[in-house]
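Numbering of ligands and ligand atoms starts at 1, following listing order.
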Amino acid sequence: MNTFKAPKGTYDLLPPDSATFLAVREAIAAPLRNSGYGYIETPGFENIELFARGVGESTDIVTKEMYAFETKGGDRLALRPEGTASVLRAALEANLHKTGNLPVKLWYSGSYYRYERPQKGRYRHFSQVGAEAIGAEDPALDAELIILADQAYRSLGLRNFRILLNSLGDKECRPVYRAALQEFLRGLDLDEDTRRRIDINPLRVLDDKRAEVQKQLDGAPLLSDYLCDACRAYHKEVRELLSAAGVVFEDDVKLVRGLDYYTRTTFEFVHDGLGSQSAVGGGGRYDGLSEMIGGPALPSVGWALGVDRTVLALEAEGVELDIPASTSVYAVALGDEAKQRLFALVTELRKAGVATDMAYGGKSMKAGMKNANRSGARFAVIAGERDLAEGVVQLKDMESGGQEAVAMDAVVTLLKDKLV
Ligand code: HAM
């Protein structure tokens with residue numbers, strides 16, 4: 001029989017690398033927890049219509065990349081391709097916005113699914129940690145989120161990332177720009193598909209990666225020239241707050257995101273060591289999304305950082321996270337009776353909060369000690385028949401190699417003292 005393999009575009013997270021993954025999630029979450037964001041978890045799948053309306057009918061995510069299916073009961077669902085629509089749906093459903101305490105600040109961490117062409121840094125199953133601040137229009141909130149992401153990356157030791165910043169305007173100025181852009185694009189030599197895109201979502205044409213298209217886009221009208229006074233003032237304040245906080249960013253008037261719900265502030269974190277899949281995170285303001293999915297007007301802003309790509313960025317910069325060994329004490333027994341006694345001791349140590357493991361499977365002393373070494377434990381606790389008779393265990397310091405006999409009933413207290 002053929003052995004099974006992980007599905008195309010997915011990979012398994014295995015020790016020891018998985019520890020880095022967990023540390024990255026934790027490092028992104030820490031500044032959020034510290035800034036008033038509460039944890040939210042939503043289902044891995046939603047009604048497909050939520051994403052069609054929220055993310056946008058004309059986006060690649062909805063038209064090409066969704067894992068959509070019909071259940072036996074006839075419900076049309078999709079695996080979540082992103083988190084924002086789900087988080088807002090959940091907040092509306094639970095009436096969090098009616099508690100009178102806006103913005104509602106939420107953070108999340110989980111798996112997302114997009115049927116994309118797999119390549120390094122682009123997977124069909126990937127991980128994000130995200131944050132959404134729902135129900136307030138305040139440049140300080142946009143700035144807060146960008147500052148927190150910057151802080152998260154820096155706390156991990158990343159340096160070679162850049163923040164690209166843009167404003168996409170609002171419902172006043174964007175339509176005027178859209179019309180001007182459409183007129184410009186209609187005068188170009190473009191293929192059928194791209195021409196269709198001009199009607200549905202002309203801003204996406206600016207994001208076309210093909211050289212023959214990019215060449216023609218020189219001289220295209222820029223949204224920055226069309227921003228209304230309110231959007232201009234808003235953007236200016238976001239930029240000033242970031243600068244005051246010492247966060248360096250680049251204005252990128254061509255930054256277009258792959259989701260349709262954005263208004264005003266949009267940003268992307270790109271890492272220069274990652275090749276074509278360089279966006280390690282992205283986000284922006286989505287003042288119209290709530291109404292698009294049937295809720296009241298709730299101006300909001302958020303981001304999601306890609307955990308997979310952040311791990312790749314750490315590798316690209318040669319940053320090794322300082323991850324302490326997960327096991328502090330490793331027990332090795334010689335003989336059945338010693339095994340029983342040590343097993344009880346191990347349970348006791350664990351209850352006392354000492355990270356402890358032991359050799360299983362009737363191993364020889366030599367094999368057991370090899371395991372103790374590999375575990376990274378600071379101490380080994382060793383016992384054989386003779387130790388039992390004397391009521392002691394041998395405590396070996398794995399760093400110095402020194403060994404001493406310790407009374408069995410004093411081990412837990414002694415190790416607790418030595419380790420904390
Ligand atoms: P997004 O830019 O589509 O935004 O995704 C955010 C991050 O998720 C990307 O920058 C990237 O690091 C990671 N990512 C996306 N697709 C893949 C993939 N196929 N493989 C590996 N990593 C990937 C959003 O998802 C928005 N919901 C962000 C947001 C929150 N906007 C407002 N609030």
Query - Residues K171 and E291 bridged, charged N to O under 4.0 Å - result: no
Query raised in the report: Above 12 or not: heavy atoms from other molecules or residues under 6.0 Å from CD of E240?
Result: yes
Report task. Report all protein residues having a heavy-atom distance below 4.0 Å to some atom of ligand 1; order the list by chain, then number. Result -> E82, T84, Y108, R114, E116, G121, R122, Y123, F126, Q128, E132, R257, L259, Y261, Y262, A279, V280, G281, G282, G283, G284, Y286, G302, W303, A304, G306, R309
Requested in this report: Classify the angle between the aromatic ring planes of Y113 and Y67 as parallel (below 30°), tilted (30 to 60°) or perpendicular (above 60°).
Outcome: perpendicular
Requested in this report: Anything under 30° is parallel, anything over 60° is perpendicular, the rest tilted; go ahead and classify F126 against Y112.
Outcome: tilted
Query raised in the report: Would you call the rings of F161 and Y153 parallel, tilted or perpendicular, where under 30° means parallel and over 60° means perpendicular?
Result: tilted
Query - Neighbour count above 12 (heavy atom, 6.0 Å) for R76 CZ - result: no
